[in-house]
A.B. asks: 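Sharing a structure, written as structure tokens. Questions coming.
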Protein chains: 4
Amino acid sequence: MPSATTSTSERVQDAALRLFAERGYHGTGIRQLADAAGLSSASLYHYMGTKEELLVAIMRSSLTGLLDAAEQVVQMDDPGERLDALVRLHVRTHATAPEQTRVVDDEVNALSAGARAEVVALRDRYETLWQSALDDGVARGAFRIGSVAVARRALLEMCSGVARWWTPDGELDLDDLQREYAGLARRLVGAPLRHAESW
Amino acid sequence: MPSATTSTSERVQDAALRLFAERGYHGTGIRQLADAAGLSSASLYHYMGTKEELLVAIMRSSLTGLLDAAEQVVQMDDPGERLDALVRLHVRTHATAPEQTRVVDDEVNALSAGARAEVVALRDRYETLWQSALDDGVARGAFRIGSVAVARRALLEMCSGVARWWTPDGELDLDDLQREYAGLARRLVGAPLRHAESW
Amino acid sequence: MPSATTSTSERVQDAALRLFAERGYHGTGIRQLADAAGLSSASLYHYMGTKEELLVAIMRSSLTGLLDAAEQVVQMDDPGERLDALVRLHVRTHATAPEQTRVVDDEVNALSAGARAEVVALRDRYETLWQSALDDGVARGAFRIGSVAVARRALLEMCSGVARWWTPDGELDLDDLQREYAGLARRLVGAPLRHAESW
Amino acid sequence: MPSATTSTSERVQDAALRLFAERGYHGTGIRQLADAAGLSSASLYHYMGTKEELLVAIMRSSLTGLLDAAEQVVQMDDPGERLDALVRLHVRTHATAPEQTRVVDDEVNALSAGARAEVVALRDRYETLWQSALDDGVARGAFRIGSVAVARRALLEMCSGVARWWTPDGELDLDDLQREYAGLARRLVGAPLRHAESW
DNA sequence: AATGAATGAGTTTTCATTCAT
DNA sequence: AATGAATGAAAACTCATTCAT
């Protein structure tokens, strides 16, 4: 009898998350999924639809979580502080949930057309929040940026990278990490550095 | 009879490159490879070892090419110009050979342990060149950087992203693109902007 | 709570009948059966034995119903009227219960040996009634038939076909249909046509 | 090394024919097919597309063969002789190729929509030949029929039945069989019996 | 009476690879 | 150099059935 605090379907989701992140969607078999969840491969199908639906569920929950948080953060009025908050959110999310974010970032084209459309739509909404934040900062003279589209992509790629290397055991703790990237971002957009951070 | 200027094994490599980039290593079958190369799947094995060796070959050639070029560039004495050249090389490579670089970046953990070690070693040598360039710039007072390790990763991720979106038909041509990223990089490391590029 | 006039096990039989007729025994899954009956697949097993027993039950009830009715009809003394009644019964049954008859006709070799023996025995008893009716008609000079065995098979196949096309909404109503086939049967056995039906 | 006179793909077709006729399409597994063809289930796929395509190929070849032959036969001018020839063709085909005809007759709704459309179209063309032959016979006073549509169905069902029981080892040889059914058919359509066949 | 959970064995189909020719 | 033939193992998924609750 499984633990009362972890439902079987959570275990399935967790196993899928871990394996998809580690070996990729196509590199992960149903049998491996079943093993990792402690089930037979037939039993797996009590807790999921298809393998692809499992992937979509992971992506959707990850993206909607990030999107919701970003929509809060974006309410801030000051362009510099707004960007700062976006960067910290993005970095924090990628540092603390690297498996989710890696799956979202790496497996989009494992999806079939219909599912891909949904996921890409979510991702686009998120990126639009960044684009607007940058546009607004430029319009209000807070940022000096050559190409906003390039800067947006550069910022996002740069911040997403933490999912590929950061661990809580390393030299930088989560606060350091966020502070560091916030500083890089301010430089990237040509914003004045904040008081105590002159390096 | 195939063209005299394109050997069959080049056609195989090209097909693999295209397909691995598009659908991933695990998402690409031997028969698709054979179709794309215009061969039967059995004939394919005259021009390659295993599917994995094909992947390794692609990665090795891509990485050694970049590494060789970087080793030239790194000879430059001036830290700012040296970084500038590294960025331009990296961006140019990712823009003009996006399939190679995407395969290298995305498929490393499709490799078995032995092959992975080789590829990771090459990648590490390349990243070490960047690390040294940044360290030297800091030591000589040309750059002001919080964490060099973070900056190195941020720079590389940011520049690699180009392979995911740039096309020659877009708003920025290759020169614009390199200039743009060079500017972003200088800001990131806290180096003075070059003469004509004040934004 | 289900209707008081339709028991759950009747609903199961009905669902099975419909699905077996539509998609065949092997083409129908237990879960489809359960869905159609409004039950879970586990609950299904409160109302049936195995899937095969369900099929046998359908076949048995269909065949015994037909057999009982035929045994009544066969009491008639006049060979022509007897055949007429047999044809009408067979046609009426196949027209009004096409699902039952199609399952009986089509799924016999989905059965395992034991079950098949039982069903085939019932079918043979039914066909023997026809055979006797024809033999008697020939013996008494009412019918003129080359091979009685061939005629029996021809008659039965011809009449059974009704289950594959007749609907109450078509050009012929049930009376027309029975009259039509009765006429064909009389011709087939070389019996004189009845008074008002000369065509 | 297989026989020089029977190709492997013929063996596959033969095995499929036999098994589909015996146990039905859904009742026949790929493994059984492979066993019967003397191949591994993977090797099977060198000689066929999907299991369904195998079924369609069987149906198509059977139906087009019958249709071609019928189109010849239908050229005859005399309605009685024409019907006679159609009946003999149909009976002969069902007697000598009972597996093909049973598969065609019984497995149509195992097909997916697209394939079914093709097969049904062929079958409809064949039945239209019969319908025309009957219509013409009625129009020219050679046949006296209540409902031509009913008679057509009755005739076809009756003749198709031979695929379910006739064997060359029984009481009737192939000539007897054709003669017998031709006689039944003439009676069915109210055509005068031919000279030597008064029964 | 009813069902979620579970599964071993099955389904059709594809996998990467080998080998005789 | 090229390929048809072949396959064991695996892919994702469904099967009919059981059982504890």
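Per chain, numbering begins at 1; letters A, B, ... match sequence-line order.
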A.B. asks: Take the protein atom CZ of A:F20 and the nucleotide atom C1' of F:dA12, then report the distance between them rounded to whole Å.
C.D. replies: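 Those two atoms, CZ and C1', are 12 Å apart.
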A.B. asks: So how far is it from B:L19 CG to B:L54 CG, rounded to the nearest 0.5 Å?
C.D. replies: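 These two atoms lie 10.0 Å from each other.
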A.B. asks: Measure CG/D:L54 against C1'/E:dT11 and give the value in whole Å, please.
C.D. replies: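 Nearest whole value for this atom pair: 16 Å.
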A.B. asks: Let me confirm one number: the OG-CZ distance from D:S41 to D:R31, rounded to the nearest 0.5 Å.
C.D. replies: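 D:S41 OG to D:R31 CZ: 6.5 Å, rounded to 0.5 Å.
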A.B. asks: How does protein reach along nucleotides 13-19 of chain F, written 5' to 3' as B (base within reach of a heavy atom under 4.0 Å), S (only sugar-phosphate), or - (no contact)?
C.D. replies: BB-BBBB
A.B. asks: Going by an N to O cut-off under 4.0 Å, is there a salt bridge joining C:R123 and C:D105?
C.D. replies: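 Answer for the salt bridge query: no.
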A.B. asks: Select from D:L44 and C:H46 the residue whose nearest nucleotide in DNA chain F is closer to the 5' end of that strand.
C.D. replies: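 On the 5' side of the pair lies D:L44.
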A.B. asks: Which stems, defined as runs of 3 or more consecutive Watson-Crick or G-U wobble pairs with both pairing distances under 3.5 Å, involve DNA chain F?
C.D. replies: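 Paired runs of 3+ in DNA chain F: E:2-21 with F:2-21.
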A.B. asks: Can you measure B:L33 atom CG to E:dC15 atom P for me and round it to whole angstrom units?
C.D. replies: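 Those two atoms, CG and P, are 11 Å apart.
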A.B. asks: Once you round to the nearest 0.5 Å, how far does CD of A:Q13 lie from OG of A:S7?
C.D. replies: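 Rounded to the nearest 0.5 Å, the CD-OG separation comes out at 9.0 Å.
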A.B. asks: Find the distance D:L39:CG to E:dT12:C1' and express it as a whole number of Å.
C.D. replies: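 Distance, rounded to whole Å: 16 Å.
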A.B. asks: Using the side-chain hydrogen bond (donor to acceptor under 3.5 Å, both in side chains) rule, collect all pairs that involve residues 110-119 of chain B, keeping only residues at least two apart or in two chains.
C.D. replies: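 Checked against side-chain hydrogen bond (donor to acceptor under 3.5 Å, both in side chains) - neighbours excluded - the pairs reaching residues 110-119 of chain B are B:E52-B:S112, B:R60-B:E118.
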A.B. asks: Could you grab the distance from atom NZ of B:K51 to atom OG1 of B:T28, nearest 0.5 Å is fine?
C.D. replies: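 Answer for the NZ-OG1 pair, B:K51 versus B:T28, is 6.5 Å.
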A.B. asks: Any side-chain heavy atom of B:L55 sitting closer than 4.5 Å to one from B:L111?
C.D. replies: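 Yes; the side chains approach each other to less than 4.5 Å.
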A.B. asks: Between atom OG of B:S9 and atom NE2 of B:H46, what is the distance when rounded to the nearest 0.5 Å?
C.D. replies: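 Atom-to-atom, B:S9:OG and B:H46:NE2 are 13.0 Å apart.
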